[in-house]
Each structure stands twice: as C-alpha cells, then as structure tokens.
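In what follows, residues are counted from 1 in the order of the sequence shown. Quick note: numbers below take in every heavy atom, side chains included, and nothing from hydrogens, waters or symmetry partners. Everything numeric in this text was worked out from a predicted model, so none of it was measured.
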Amino acid sequence: MTLATLLLRARLLLARINPVVALVAALAVAGAAVQVALIPLRAQLDDDYEAARRLARTPLPARPAPLAPPPGSDQNLAQFYATLGDARGVDRQLQAVFALAARHGLTLEQGEYRATRDRNARLVAYQVNLPVKGSYGAIWGFAMDVLRAIPHAALDDVAFRRETVGEAGVDARLRLTLYLAERGTIPGGTP
C-alpha cells in the first residue's frame, strides 16, 4: 500500500461521514486528551491541599514572654554610680597600676596626678599622666590590662616617641582617667 492509496481511502471515508459527527468526535478526542494531561496537575493540587491541612492542624508556637520594661532614669543613674570607683581607694588603684607596669617590665617615671570634682555629677575625675619606657607591645599590653583591672578607668591618650630608628624601647606617655564616686577625700585633689 502506497501513501497515495492511504490518502485516497481517508478522503473517501471523510466524504461518507457527517461533518457534525466528525466535529463531535474530534471534540471528544480533544477533551479526553485534556483530561489525561490534567491528571498530574490534579495529583499535585491534592498534595498541596493535604500539606495545607497538616499545617493548619499544627499548633501555633507559644507567644514569647513580654519583654521587661526598660529601666527608668533613676535605675540607670543608680547603675552608673554603682560602676564608679571609690575615691577613698584611689591609692590602692594606683598601686594596681604600678604592679601591672612592673609585671609588663615597664619603667614608670614620675607621673602627674590631678583630681577634678564635678559637683553636678557628684563624681571625681582623677587624671593620671604616666611617662613609660619599654617595648611597644609591653606598653599596649599594660594599657589594656589596666582597663581590664580597673573598669572605671579610661585611656584618654597615648603618645609614643623613639629617639632613633634602631632603638628597641620607646618612650610613651599614657593619660588615664579614673572616674570615682564622691565619697571621701582624694589625694592630690580638694576635700
């Protein structure tokens, strides 16, 4: 059978069929094809609905506990004064600074000490200017250890100087401020 024969037979068959019946048959075949194509999509839709039902059945997470209200200004002020050092213990604090310098192998020369009182804030700022000789690393280690050992201290300024490029040690000047609560008299300051 040749292609021409097959085409002729198909043409004769179509001539015998009613066009309305052919249209209905074509629509039925197309509808069946669409139904077959939609089967995987229906399965996916069913899976999505089932997942949504499972999610709806899970209990909601517990509500987090309400946050504590932020501290008031009086509490903040009390905490601020609690972190200040004691002005009566400034000698012990300076001894701790000297002990830390010795531990780092530093030479402390004669320092300058000055206390200033702020009556409005009811605190004393005890400023200590220390000339130090030693290695660069030892001086920084000393400064950081002072800040760790005395939490109410502040490192205000550090200045390094080296006489010659090849010199191993450096001269430094550290300015520390100790913030102290006004509870007693302060050495070097006014009572």
Is it true that the side chains of Asp48 and Gln44 contain a donor and an acceptor less than 3.5 Å apart?
yes
Between CG of Asp156 and CG of Asn129, what distance do you get to the nearest 0.5 Å?
9.0 Å
Heavy-atom closest contact (Leu180 atom, Val90 atom, distance):
CD1-CG2, 4.0 Å
Can you give me every donor-acceptor pair (side chain of residues 2-16, partner residue at least two apart or in another chain, under 3.5 Å) with its distance?
unit_1	atom_1	unit_2	atom_2	d
Thr2	OG1	Thr5	N	3.4
Thr2	OG1	Thr5	OG1	2.9

If you round to the nearest 0.5 Å, how far is CG of Leu106 from CG of Leu130?
10.5 Å
Could you walk me through whether Thr107 and Val132 satisfy the side-chain contact (heavy atoms from CB on, under 4.5 Å) test, starting with their C-alpha distance in whole Å, then the side-chain angles of each, then the deciding distance to 0.1 Å, before giving a yes or no?
CA-CA 6 Å; Thr107 305; Val132 180; over 6 Å; no
Considering non-hydrogen atoms only, spot the tightest contact between Ala125 and Thr177 and give its length.
CB-CG2, 3.9 Å
Least distance between heavy atoms, Tyr179 atom then Leu123 atom:
CD2-CD1, 4.2 Å
Nearest 0.5 Å, please: how far is CG in Leu94 from CG in Leu178?
6.5 Å
Can the positive tip of Arg114 be found less than 6.0 Å from the middle of the six-membered ring of Tyr126, inside 45° of the ring normal?
no
Arg103 meets the salt bridge (Lys or Arg N to Asp or Glu O under 4.0 Å) criterion, sequence neighbours left out, with Asp145
All heavy atoms of Ala138 vs all of His104, minimum pair found to be CB-O, 3.6 Å
Side chains of Leu147 and Met144, heavy atoms from C-beta outward: is any pair under 4.5 Å?
yes
What orientation do Trp140 and Phe160 show, parallel under 30°, tilted 30 to 60°, or perpendicular over 60°?
tilted
Anything under 3.5 Å between a donor and an acceptor, one on a side chain of residues 54-62, the other on a protein residue two or more places apart or in another chain? List them.
unit_1	atom_1	unit_2	atom_2	d
Thr58	OG1	Leu55	O	2.7

